[in-house]
Structure formats: structure tokens, C-alpha cells
Amino acid sequence: MGKFLASKFLQYVIVIFLMLTLNFLLPRLMPGNPLIFLAGEDVGFMSSAEKEAILEKHGLNQSIWQQYGTYIKHIFTGDFGYSYQQKRPITDLLMERLPWTLLLTGLGLVISTVIGVLFGTISAWRRGTKTDANLLTMFMFLSAMPSFWVGMILVSIFAAQLGWFPVFGAEAAWSNFKGVDRFIDIVEHLVLPLTTLVLISVTSTFMIMRYSMLNVLGEDYIMMAKAKGVKEKVIKYKHAMRNALLPVATVFMLSLGFTLGGATVIETVFAYPGVGRLMFESVLSRDYPLIQATFLIITFSVVIANFLADLLYPLLDPKVGK
Amino acid sequence: MEKQKWKRYWNVISSNNLGLLGISLLVIFLLIALLAPLLAPFDPTARVGAPFSKPNGDFLLGTNDIGQDILSELLYGTRVSLLIGILAALISIILGCLVGIVSGYYGGKVDSFLMRLVDLVLVIPFLPLMILLAAFIGPSFWNIILVISLLSWASPARVIRSQVLTLKTKGYVEAARSIGTSIKVILFRHILPGVIPIALSQFVMAASHSILIEASLSFLGLGDPFTKSWGTILYYAQARGAFLTDAWIWWVLPPGLLITTLVIGFAFTGYSLEEILNPRLRKER
């Protein structure tokens with residue numbers, strides 16, 4: 001067990017190290033003035049003293065190895081640099097946006113897993129029936145839809161046409177809601193983006209749960225339970241579902257990256273002030289340091305969540321635990 | 001023998017409703033892409049009407065913010081989305097086959113190194129990395145294909161590796177090895193033919209993913225500015241606020257429906273191919 005975790009840990013350290021190196025090299029390897037990538041398009045308007053200060057800060061006058069050392073040191077002390085477009089330290093921007101993304105993706109993952117597991121169980125239990133075929137077709141259609149488009153359609157229908165939900169943002173602008181009112185306001189803003197995220201990410205859980213449940217239902221102990229006359233509900237939920245859940249845990253980990261990626265696009269549609277939207281804004285304004293920082297923070301989140309899932313896995317699977 | 005095998009595939013695909021539907025959809029889209037100049041009423045790049053026109057006799061799906069015919073844009077957009085999807089999938093499957101075959105056949109240190117690499121690639125959050133790369137190397141037709149395929153080879157590689165592992169233990173491969181057949185002959189005559197069917201189903205699945213990814217990148221403004229795909233059309237619809245007005249019905253709905261249908265076409269085809277390859281699934285139904 002310890003060996004498994006250690007090798008996983010090593011793997012994640014390598015991922016982070018590689019992504020940091022990629023981030024370090026991108027602005028320095030691209031043709032053109034690296035200053036533009038480090039400080040934004042405004043470089044043309046800067047005085048030579050200001051340029052000198054930026055060169056100094058990133059140590060661009062030093063050797064590449066010294067630069068790399070400085071870069072790594074900055075990242076690990078929580079200094080992601082400065083956004084010259086937004087005129088603010090990037091770390092502040094990230095901290096402001098991160099909670100919203102965690103709220104959206106966290107809830108999205110939990111809800112889509114629950115829905116996927118439930119429908120996957122039903123579908124497998126009624127294998128070969130019309131219910132199964134309908135569910136399969138429906139979930140395949142869901143996974144074929146582009147996430148941002150689902151979001152746009154939901155906004156068009158439920159926000160613009162029917163007016164049931166706000167069109168964008170995470171909170172009403174210029175309102176000073178407190179307590180319960182603020183909570184309701186946040187929930188109202190969350191409904192549509194969350195629905196979109198659940199709709200696009202539910203299929204992978206459903207497919208895996210259905211497949212895993214089909215395998216479990218073929219096992220001898222299920223036959224045995226049936227032969228003994230155990231109640232259908234007990235077989236379904238206690239015997240079969242619990243054992244079929246294991247592969248879902250693996251998919252849960254793998255879908256973290258997908259969900260965070262999906263959130264990037266969905267946050268853009270809803271102008272939801274999360275890290276994904278920040279990444280889009282920085283792409284629009286060609287704010288390269290900010291693009292890199294948002295990418296890094298998303299990668300860190302995925303890696304940390306993966307590792308947490310690895311830690312929890314043995315609790316689910318007694319075979320790994322022993 | 002080979003011919004019979006393909007005929008059997010065809011029989012299973014065509015006896016399977018989903019597969020037949022999938023292939024028909026793909027054929028229809030292929031025809032639209034090829035015949036776009038004949039089908040489209042206008043040049044999609046020309047300003048032919050008043051901006052923001054509602055659908056009418058001349059413009060069946062209205063016009064966009066600079067007066068281009070949306071229907072013509074959609075018909076021509078089929079070419080871009082289909083081409084990017086297929087090319088990106090093709091490159092990633094070729095990479096996946098290379099890695100999978102080398103890894104599975106040679107085993108040992110090469111195998112464990114390559115599989116570690118696959119694990120690494122699978123952990124990285126896909127879309128954000130693509131956004132980062134696309135932002136730095138700049139949006140263009142080939143860059144998008146490059147970015148998608150460089151990041152999509154990992155899971156096909158794993159599937160193909162496990163197929164190679166199975167093939168390696170087959171009697172005829174072991175026989176060929178024991179009589180000292182050259183590696184080249186074994187790989188090309190014995191391993192590759194066994195890998196191709198799985199590679200085909202992986203390719204179809206990869207194409208459906210690539211189309212969705214291309215749409216997302218274009219929607220984020222990272223698509224090729226000179227070739228309008230369906231995702232690009234939606235980018236403009238979003239940027240001009242079309243989805244907040246009645247225009248959502250003719251400007252936002254159609255491109256998304258087309259993307260969904262094309263992806264479904266690939267997915268259904270892939271699903272039925274998998275059924276052929278995995279007879280256990282077939283019997284269960």
C-alpha cells in the first residue's frame with residue numbers, strides 16, 4: 001500500500017515538475033520578444049527603465065539555469081507574478097476566483113456521480129429492456145453535446161426568454177445582500193452553470209457504473225443470493241451496487257481533469273467568476289503570465305484531488321487495503 | 001479470407017441499428033462537406049444581407065452580425081469541423097499505435113517507461129493545457145490539429161498495448177518467433193493486422209472527441225481565424241450576445257445541433273464497432 005502511494009506521489013511530483021518546466025520554457029522559446037509574453041502587449045509603451053525593471057525581476061539578464069531557479073522559488077513561495085493587464089498581483093486574482101470554481105466543480109462532481117450511479121444501476125438491472133436502451137441513448141446524446149452550447153441554450157431558454165434565473169455572474173452586481181438573501185442569490189446564479197456541468201459530465205459515470213454492474217450481476221454470489229430468495233432490493237443495492245462502485249471511484253479521479261476543463265468553458269458562457277473564466281479573460285487580453293498561472297493552479301488542483309482520491313481508495317476497496 | 005472478414009464486419013454493423021444510423025450520419029456529413037459549394041446559397045465570407053436579419057426567403061437561417069448568411073456558414077463549416085476531427089484523430093491514433101505496439105511488443109523497461117508516460121499525460125487537465133498551448137503557439141488550422149493530437153494519443157495507446165499483449169501469446173506469433181522470423185515481418189504481418197480493427201474503433205472515438213475539443217477551442221476564440229468552424233460561429237454568437245435575443249433559435253441552436261449530430265454519428269459507429277470486436281457484448285444484448 002505504501003509502495004503504491006509512493007509511486008503515485010512520485011508520478012504527481014513529476015507531472016507538476018513537467019508542467020512548471022513547460023510554463024517556464026514557453027515564453028522563452030517562442031519566437032519574438034519574451035518581454036511580451038512576460039509583461040503583456042503593453043511593453044511597447046514602456047520606458048526603458050520599466051523594461052529594465054521587468055528584466056531584472058524575471059532575471060532575464062541571468063543564465064537560463066539561474067532564471068529557472070528564481071522561477072521555481074517564486075512559484076513555491078506563492079508568487080505567481082504580476083498581471084500587467086489587470087494591474088494586480090496574480091496570486092490575489094487566483095485566490096479571489098478559486099472558491100467559485102471549487103464550489104461549481106465540487107458540487108458538479110458530487111451530483112453527476114450520484115445521478116450517474118443511480119441510472120447506471122437501473123440501466124444494468126434492466127439490461128436489454130426498453131428502459132435500458134432509452135437511458136443509453138439519452139446519455140450518449142448528452143456526452144455528444146458541446147458543453148458551452150448546452151450552457152448557451154439553457155441561458156437562452158431559462159434566463160433570457162423565461163427570466164427564471166440570472167443571465168450571468170455568481171452574485172447580483174452592486175447588491176449588498178447579507179446572510180440568507182446572499183445565499184439565495186448565490187444559489188440562483190449557480191443553478192444554470194451547475195446543471196450544464198452535471199449534464200455534460202454525468203455520462204462517463206453512468207457508462208462505467210452500468211458496465212461494472214453488468215459484470216457484478218454475472219457473479220456467483222448474486223446468483224446465490226437470488227437462489228436463497230433474498231429480496232430484490234437488498235441484492236440490488238447491498239450486494240451488487242456496493243461492489244460495482246469501485247471502478248466508479250477510479251473514473252471519479254480521471255474525470256476531475258475533464259470536469260475542471262469543462263468548467264473553464266462553462267464559466268466563460270455564464271461569466272462565472274472562477275479560475276476558468278479568468279483563464280479565458282487572460283486569453284482574450286493576451287495576458288500571458290495570467291494564462292500560465294491559471295493553468296498551473298488548475299493543474300495543481302487536479303493533482304491534489306487525484307492524490308486525495310488515491311488516499312481514499314483503500315478505504316473503499318478492502319483488497320487494496322490489506 | 002480478408003474479404004470475408006470485412007463482409008462479416010459489415011453484416012454485424014448493418015444488422016445493428018445504432019451502427020447503421022451512425023454510418024448513415026457520417027455519409028450525410030461527408031456529402032455536405034464535399035458538396036458545400038453547390039448546396040450553399042451564398043459565399044459564406046461575403047456580406048450579402050443586412051446584419052442581424054431574421055430568417056426569411058433569402059436567408060433561411062438569417063444573417064450574422066456583419067451580414068453573412070448563417071446557413072452558408074454552417075454548410076461550409078462542416079468541412080472544417082470534419083477535417084480537423086478526422087486529421088487530429090488520425091495523427092493521435094498513429095501515435096497511439098506506435099507507442100502501444102512498441103510498449104506491448106518489447107515489454108520490459110521500454111514498456112514501463114511508456115506506460116508511466118501515458119499515466120502522466122492522462123493526469124494533466126486536457127482542455128486547460130490545450131488553451132495554454134494554443135494561446136502561445138497561436139491559433140491556426142494546423143496548430144489546432146497538432147495540439148489536439150499531441151494530447152490525445154495516451155488512452156488509445158493503452159488500449160492498443162493490451163491488444164498487442166494478447167496477440168503476442170497467440171500460437172502463430174510464438175511459432176513465428178521461434179523459427180526466427182524477423183521482427184519486421186512479425187510486426188507487420190502478424191501484429192498489425194490484429195491491431196487494426198481496435199485502432200479503427202479507437203479512431204472513430206477519437207474523432208468524436210476531437211470534434212468536441214475543436215469546437216471548445218474555437219468557442220474560446222482560439223480557432224483558426226481564417227476558417228470558420230461551427231465552434232467559431234458560436235464564438236461570434238456569444239460575443240455578439242445572440243443567445244440573449246430571439247436570434248438564439250437560428251444562430252445558436254443549429255451549429256450546436258450539427259456538432260452533436262456529427263459526434264453522435266462517430267460515437268454510434270464506434271459503439272457498434274466495439275460490439276463487433278467484443279462478441280461478449282453482442283451476446284449480452
Side-chain angles (χ1 to χ4, degrees), chain A residues 11-12 14-15 18-19 22-23 26-27 29-30 37 127-128 136-137 140-141 143-153 155-157 159-161 167 214 218 253-254 256-258 260-262 264-265 268-269 275-276 279-280 282-284 286 288 291-292 294-295 298-299 301-303 306, chain B residues 18 116 119-138 155 208 211-217 219-222 230-231 234-235 237-239 241-249 252-253 255-257 259-268 271 281 284-285:
Chain A
Q11 184 194 332
Y12 297 140
I14 295 176
V15 169
L18 282 179
M19 292 303 108
L22 177 73
N23 256 319
L26 270 179
L29 286 184
M30 286 294 123
F37 291 122
R127 178 179 67 192
L136 255 179
T137 321
M140 275 176 94
F141 261 99
S143 71
M145 295 193 288
S147 53
F148 58 91
W149 180 70
V150 176
M152 288 170 90
I153 295 297
V155 170
S156 299
I157 298 175
Q161 302 290 326
V167 174
L214 282 179
M253 293 184 241
L254 283 177
L256 278 169
F258 174 79
L260 271 167
T264 309
V265 184
T268 302
V269 174
V275 177
M279 188 170 202
F280 172 69
S282 55
V283 167
L284 274 192
R286 298 282 178 254
Y288 294 96
I291 302 179
Q292 294 188 301
T294 47
F295 170 69
I298 292 174
T299 309
S301 319
V302 170
V303 167
N306 264 290
Chain B
L18 281 188
R116 277 289 154 81
D119 286 341
L120 289 185
V121 173
L122 288 176
V123 173
I124 301 165
F126 235 48
L127 198 59
L129 180 56
M130 287 187 191
I131 296 173
L132 177 82
L133 289 177
F136 269 92
I137 61 180
S155 68
S208 72
I211 289 163
L212 279 177
I213 296 168
E214 185 277 330
S216 294
L217 285 177
F219 173 74
L220 292 171
L222 292 167
W230 295 329
L234 285 167
Y235 165 73
Q238 156 93 358
F243 66 132
L244 300 177
T245 65
D246 285 338
W248 74 278
I249 295 179
V252 177
L253 209 55
L257 285 178
I259 298 173
T260 309
T261 323
L262 180 56
V263 171
I264 278 284
F266 276 111
F268 280 178
Y271 190 77
L281 286 176
E284 277 171 7
R285 303 199 96 225

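Sequence lines set the chain letters: A, B, ... in the order given, protein chains first and strands last, and positions in each chain run from 1.
- Neither the backbone nor the side chain of V150(A) comes within contact range of chain B; no heavy atom of the residue lies under 4.5 Å from a heavy atom of that chain.
- For chain B, the option among L18(A), V283(A), T264(A) with the highest count of heavy-atom pairs below 4.5 Å is V283(A).
- With a 4.5 angstrom heavy-atom cutoff, S208(B) does not touch chain A via any of its atoms.
- The contact between L120(B) and chain A is made by backbone and side chain atoms together, counting heavy-atom distances below 4.5 Å.
- Only the side chain of F280(A) comes within contact range of chain B, with at least one heavy atom under 4.5 Å from a heavy atom of that chain.
- Put simply, of G231(B), A134(B), A135(B), A237(B), the one with the most heavy-atom pairs under 4.5 Å next to chain A is A135(B).
- Distance check: M279(A) CE to L284(A) CG gives 12.0 Å after rounding to the nearest 0.5 Å.
- Neither the backbone nor the side chain of L262(B) comes within less than 4.5 Å of any heavy atom in chain A.
- Once rounded to the nearest 0.5 Å, the distance linking CD1 of I137(B) with CG of L26(A) reads 9.0 Å.
- Ranked by heavy-atom pairs under 4.5 Å with chain B, the first of F141(A), F148(A), F295(A) is F148(A).
- Residues passing the ring pair (Phe, Tyr, Trp, His ring centres under 6.0 Å) test with F126(B), sequence neighbours excluded: none.
- If you measure heavy-atom distances from S143(A) to chain B, the contacts under 4.5 Å come from the backbone alone.
- V269(A) approaches G151(A) most closely through the heavy-atom pair CG1-C, 3.9 Å.
- Of the possible donor and acceptor atoms, one in the side chain of W149(A) sits under 3.5 Å from a partner among the backbone N and O of V252(B).
- Neither the backbone nor the side chain of I211(B) comes within less than 4.5 Å of any heavy atom in chain A.
- Proximity to chain B (any heavy atom under 4.5 Å) is shown, for M140(A), by both the backbone and the side chain.
- Among D119(B), L212(B), L222(B), the residue with the largest count of heavy-atom pairs under 4.5 Å with chain A is L212(B).
- Between the CG atom in L257(B) and the CE atom in M145(A) there is a gap of 9.5 Å [rounded to 0.5 Å].
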task: Report the C-alpha distance between L22(A) and L132(B) in whole Å, list the side-chain angles of each, state the deciding distance to 0.1 Å, and finish with yes or no for side-chain contact (heavy atoms from CB on, under 4.5 Å).
output: CA-CA 10 Å; L22(A) 177 73; L132(B) 177 82; 4.1 Å; yes
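- Neither the backbone nor the side chain of I213(B) comes within contact range of chain A; no heavy atoms are under 4.5 Å apart.
- Of all heavy-atom pairs spanning I259(B) and P146(A), the tightest one is CG2-CG, 3.7 Å.
- When the side-chain contact (heavy atoms from CB on, under 4.5 Å) test is applied to V303(A), the partners found at least two apart in sequence or on another chain are Y12(A), V15(A), I16(A), T299(A), V123(B).
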